[in-house]
Amino acid sequence: MPEGHTVHRLARTFASLYAGQTLRVSSPQGRFADGAAVLSGRRLVASEAWGKQLFLGFAPADGSDAEVTGMTSASDVLWLRIHLGLYGAWTFAGAPDTPEVVHAIGAPRKRIGERETTAPPAATEGSTSEGSTSEGSTSDGSTSDWVVPEPRGQVRVRLLGDHAVADLTGPTACEVITPEEKRAVEARLGPDPIRDDGDVEAFVARVGRSRVTIAQQLMDQVVISGAGNIYRAEVLFRAGVDPLRPGRDVPAAVLRVIWDDLVVLMRDGADRGAIVTTRPEDRGSRPGRPPEEALPPEGRGRTRQNTDGTPGAVPSDQAFYVYHRAGLPCRICGTPVLVKELAGRNLFWCETCQT
DNA sequence: TTGGGATGGCCAT
DNA sequence: TGGCCCTCCCAAA
């Protein structure tokens with residue numbers, strides 16, 4: 001489930017998993033059958049993220065030898081634009097010797113090296129012709145005994161490469177677009193802190209022009225791309241800024257601190273596959289504060305799917321300062337964390353630490 | 001078995 | 001601002 005860090009991680013994953021490969025694209029669910037037909041048999045030559053948008057570039061399989069990177073303007077490239085929305089997800093499965101799959105975090109479900117115990121049904125008429133495919137004839141033989149699993153759930157898109165398969169469920173957006181259309185989408189997106197071309201000053205200028213609260217502006221993808229409800233709550237806490245303060249009342253220097261912190265936090269999130277904003281010394285219980293178990297259940301943090309279960313990961317109930325911690329004592333001052341619905345989303349903050 | 005959420009965003013009003 | 005869409009999962013009944 002995505003904030004921008006997840007999408008960047010996915011972009012990397014697709015690059016390492018499929019770059020240069022001719023992919024078979026299908027729509028087991030059927031709702032992307034036309035787009036799948038257009039893309040299937042093309043070669044993946046680019047995998048990019050901008051904020052929460054994922055762009056996968058497909059060149060003609062027999063076309064000019066586009067480089068795997070840096071061919072974003074090639075006119076014969078078609079782009080698959082994907083936005084996961086609130087609950088879209090990629091599920092990966094691959095041959096047991098496909099290390100990249102292990103790192104395909106961000107998609108909460110992954111099936112690594114899973115094998116079907118029953119023989120795959122013969123291909124039938126209809127939209128699911130991609131169903132199950134023995135990979136026994138792969139050129140290098142490395143996946144000789146891997147059987148592509150059946151799609152599970154409402155799979156909008158399936159991307160099948162040489163040694164892995166990726167299934168997309170529940171996206172908000174999933175469409176094939178031209179290079180010009182891609183540029184038009186990007187023109188409407190604010191700067192992305194994870195990208196090298198992310199423009200701090202554009203962010204600062206934009207926020208400073210508006211009376212809209214800083215909390216709402218951090219969620220506005222025109223102002224800044226990639227931050228979601230967790231990062232906005234956490235970065236405002238770390239900066240000590242009252243989320244309800246109008247953007248124009250936040251000093252530019254503080255806005256730069258917020259941006260710089262997002263750069264660090266989101267790049268870290270993309271690397272580790274989970275959002276962690278707490279400093280080690282602020283995790284766990286402290287003397288003088290009740291342990292979380294002593295608090296009413298409704299006050300307890302509950303965040304699913306923030307990690308992929310990696311051993312040694314920071315537990316999700318210690319990963320945040322305020323997100324999903326309504327009623328719990330602030331990790332710094334002990335004041336109960338507040339929650340309020342703002343523009344349809346829950347906003348968490350500490351009124352003592354954030355002024 | 002049901003129903004309410006969830007790290008989003010679009011559209012109409 | 002409210003309604004609606006996309007889908008899955010877990011707690012409550």
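Chain naming here is simple, since letters A, B, ... match the order of the sequence lines and numbering starts at 1 in each. All values derive from a computational prediction rather than experimental measurement.
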When you check the phosphate oxygens OP1 and OP2 of [N], does a side-chain N or O of [X] lie under 4.0 Å from one of them?
| X | N | answer |
| --- | --- | --- |
| A:R152 | C:dC8 | no |
| A:Q29 | C:dT7 | yes |
| A:K52 | B:dT7 | no |
| A:H83 | B:dG9 | yes |

Check [Y] with [X], please: is the shortest side-chain N to carboxylate O separation under 4.0 Å?
| X | Y | result |
| --- | --- | --- |
| A:R345 | A:E341 | no |
| A:R267 | A:D260 | no |
| A:E281 | A:R331 | no |
| A:R256 | A:E201 | yes |

- Item | hydrophobic_cluster_shared for A:V339 and A:L342, side chain cutoff 4.5 Å | no
- Message: Under a 3.5 Å cut-off for both contacts, is B:dT13 paired Watson-Crick or G-U wobble with anything, and if yes, with which nucleotide?
- Response: none
- Query: With both distances kept under 3.5 Å, what pairs with B:dG8, Watson-Crick or G-U wobble?
  - Reply: C:dC5
Rounded to whole angstroms, how far apart are [atom1] on [X] and [atom2] on [N]?
| X | N | atom1 | atom2 | value |
| --- | --- | --- | --- | --- |
| A:R232 | B:dT7 | CZ | P | 10 Å |
| A:Y323 | B:dG5 | OH | C1' | 10 Å |
| A:R272 | B:dT7 | CZ | P | 20 Å |
| A:L342 | B:dT7 | CG | P | 13 Å |
| A:F320 | B:dA6 | CZ | C1' | 13 Å |
| A:I230 | B:dA6 | CD1 | P | 11 Å |
| A:F348 | B:dA6 | CZ | P | 7 Å |
| A:N346 | B:dA6 | CG | C1' | 10 Å |

Identify which nucleotide among [options] has an atom closest to any side-chain atom of [X], counting heavy atoms from C-beta outward.
| X | options | answer |
| --- | --- | --- |
| A:R31 | B:dT7, C:dT7, B:dG9 | C:dT7 |
| A:Q221 | B:dG9, B:dA6, C:dT7 | B:dG9 |
| A:N229 | C:dT7, B:dA6, B:dG8 | B:dG8 |
| A:T169 | B:dG8, C:dC8, B:dA6 | C:dC8 |

- Message: Any base atoms under 4.0 Å from A:G153, or only sugar-phosphate, or nothing? Heavy atoms, all strands.
- Response: sugar-phosphate
- Query: Heavy atoms under 4.0 Å, any strand shown: does A:R156 hit a base, just sugar-phosphate, or nothing?
  - Reply: sugar-phosphate
- Parallel, tilted or perpendicular: which fits the ring planes of A:F14 and A:F92, with parallel below 30° and perpendicular above 60°? tilted
- Atom P, compared across C:dC5 and B:dT13: separation rounded to whole Å: 15 Å
- Message: Using the C1' atom as the point on both nucleotides, what is the distance between B:dT7 and C:dT1, in whole Å?
- Response: 22 Å
